[in-house]
Amino acid sequence: MTYRCRICNTSGDHPVYTVREMMLGSGDRFLYFECTSCRCLQIAEIPADMGKYYPRDYYSFSTTSRDKTGNTVIKAARRIRNYSSVSEQGFGTAVVRTLFPNKKLLPLMRLGLTPASRILDVGCGSGWRLYALREAGFPNTLGVDPYLERDILYANGLQVLKRTVNEVEGAWDVVMFHHSLEHIPDQAAALRAAAGLLRPGGACLIRVPVASSYAWEHYREHWYQIDAPRHFYLHSYASMRLLAERCGLVLRSTECDSTLDQFRTSELYKRGLRSLGEAGFTRSEENDWKRRAANLNQEGRGDQAVFYFGKAETR
């Protein structure tokens, strides 16, 4: 069957793969094809009703993990840790970042954030990352996610709104997509909107799974990052850059940040299992996967990456 790539518009007899939905355990099957030109792996047909694949208990919607502790010392320590994980300013922050990093926030360190930075997180779920930033002293934050049941307003003032990036206004220093771009059907429209929201000198951070990886080459339809049907696109480095440049963004740098899950969860799916307890992986296996993941990241072949884009200059 002939398919047209939604990224580079190449039509042809692209390789096709049947991928099962595994996270929720439905086992529903979906066709994906890999463009022979830009190498973007993408779902052949986007389902008309995606709601059933984002139930109320979907992991990114949970608000129960917000900091509930009343211990002021613990709260202060977390704020210092989180601030140090995203700020390059000062010797003290470098020491804390080296000894006690919040690895989930480290990709933000390259953005040059200051307490005055205006930060927009697109597809942020319940907004845990923005919550941590706001608690750490970055008050100018906003989150949007169209799959939320309703708007969220936290006690610390953080707003997370049920809307798309196309519905956001204002000028922003940073627009972030943390494993959310792959869930967006019209990626070009989303990235054009993001580019339009950026101030001169601003940054667009995009974290996504990448098909330019050992995991895709090795596991194919069992690669857990396909996450059918929620992930519509699994970009190659070439297709990600092509799409972004067409939308007014210029690539500054990339960095792989994959984990042992490219092996552990893919092995699970390959065996048709959903529970790690059923698989019985040993500590030795997991340690080996961690080492292999670190090596693949250094080689640029990990299965997820951070792309740092700037706004293209207009003439």
Side-chain angles (χ1 to χ4, degrees), residues 7 39-41 60 82-88 97-98 101-113 117 119-125 127-130 132-133 136 138 141 143 165 172-184 187 190-191 194-195 197-198 201-216 223-227 231-245 247-262 290 292-312:
I7 304 302
R39 313 308 298 185
C40 179
L41 177 66
S60 68
N82 290 338
Y83 180 86
S84 299
S85 296
V86 302
S87 175
E88 293 183 296
R97 183 169 61 249
T98 300
N102 185 334
K103 293 183 180 180
K104 293 182 178 180
L105 293 178
L106 280 178
L108 280 63
M109 189 185 65
R110 291 190 181 186
L111 300 176
L113 298 181
S117 298
I119 306 166
L120 174 66
D121 197 351
V122 180
C124 64
W128 71 264
R129 185 176 285 101
L130 292 177
L133 286 174
F138 299 88
T141 53
V165 64
W172 300 83
D173 298 294
V174 174
V175 179
M176 310 186 294
F177 296 80
H178 290 271
H179 289 279
S180 61
L181 185 67
E182 59 267 34
H183 296 257
I184 298 176
Q187 294 192 334
L191 291 188
L197 291 170
L198 282 179
C204 180
L205 179 153
I206 300 175
R207 297 180 67 214
V208 287
V210 286
S212 303
S213 61
Y214 170 86
W216 164 239
W223 178 35
Y224 91 105
Q225 293 268 29
I226 299 177
D227 194 27
H231 290 181
F232 301 142
Y233 303 90
L234 293 304
H235 279 284
S236 68
Y237 286 110
S239 66
M240 183 73 259
R241 183 169 184 168
L242 173 64
L243 173 66
E245 288 182 349
C247 296
L249 298 169
V250 177
L251 183 65
R252 292 175 177 169
S253 63
T254 62
E255 180 179 357
C256 283
D257 65 344
S258 63
T259 70
L260 84 162
D261 280 323
Q262 63 191 300
K290 287 180 182 179
R292 293 174 66 186
N295 290 336
L296 287 170
N297 285 342
Q298 290 181 345
E299 297 168 4
R301 299 180 64 217
D303 77 331
Q304 61 184 39
V306 190
F307 293 80
Y308 298 91
F309 291 97
K311 187 171 184 176

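Position 1 is the first residue of the sequence; numbering continues from there. FYI, side chains are in, hydrogens and waters are out, and symmetry mates aren't considered; it's all heavy atoms of this structure.
For the pair K104 and R129, the tightest heavy-atom approach, listed with the atom from each and the gap, is O-NE, 3.8 Å. Of all non-hydrogen atoms in S212 and Y237, the two that sit nearest each other are OG-N, 3.1 Å. Of all the heavy atoms in G143 and C124, the pair that sits closest is CA-SG, 3.5 Å. For the residue pair V208 and F307, the shortest heavy atom distance occurs at CG2-CE1, 3.7 Å. Listed here is the closest heavy atom pair of G123 and S180: O-CB, 3.5 Å. When all heavy atoms of Y308 and E255 are compared, the closest pair comes out as OH-OE1, 4.3 Å.
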Margin query: With side chain to side chain contact (heavy atoms under 4.5 Å, CB included) as the criterion, how do L181 and L191 come out once you've worked through the C-alpha distance, each side chain's angles and the decisive distance to 0.1 Å?
Written below: CA-CA 9 Å; L181 185 67; L191 291 188; 4.0 Å; yes

Next item on the list: Could you give me the CA-CA distance, side-chain angles and deciding distance for W216 and L41, then say whether side chain to side chain contact (heavy atoms under 4.5 Å, CB included) is met?
Entry: CA-CA 10 Å; W216 164 239; L41 177 66; 3.8 Å; yes

Margin query: As a quick check of understanding, evaluate side chain to side chain contact (heavy atoms under 4.5 Å, CB included) for L296 and C256, giving each step before the final call.
Written below: CA-CA 8 Å; L296 287 170; C256 283; over 6 Å; no

Next item on the list: Go through the steps to decide whether D261 and Q225 satisfy the test side chain to side chain contact (heavy atoms under 4.5 Å, CB included), and finish with yes or no.
Entry: CA-CA 9 Å; D261 280 323; Q225 293 268 29; over 6 Å; no

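Side-chain contact check for L108 versus L133: some heavy-atom pair is nearer than 4.5 Å. When side chains are defined from C-beta on, S213 counts as touching W223, because their heavy atoms get closer than 4.5 Å. Side-chain contact between V210 and M240: absent, with no pair of heavy atoms (C-beta onward) separated by less than 4.5 Å. With a 4.5 Å cut-off on side-chain heavy atoms, H235 and I7 count as touching.
Interatomic distance, S117 OG to D173 CG, rounded to the nearest 0.5 Å: 5.0 Å. In this structure, the separation between CD on Q187 and CG on L243 is 6.0 Å, given to the nearest 0.5 Å. Interatomic distance, CZ of R292 versus OH of Y214, reported as 4.5 Å (0.5 Å rounding). To the nearest 0.5 Å, atom CZ of residue F177 and atom CG of residue L120 are 7.5 Å apart. Here the straight-line distance linking atom OG1 of T141 with atom CG of L113 works out to 11.0 Å at 0.5 Å rounding. To the nearest 0.5 angstrom, W172 atom CH2 is 11.0 Å from L198 atom CG.
Ring orientation note: the planes of H183 and H231 are nearly perpendicular, at an angle over 60° on the 30°/60° scale.
Exactly one of Q262, E182, H179 qualifies for a side-chain contact (heavy atoms from CB on, under 4.5 Å) with Q304. That residue is H179.
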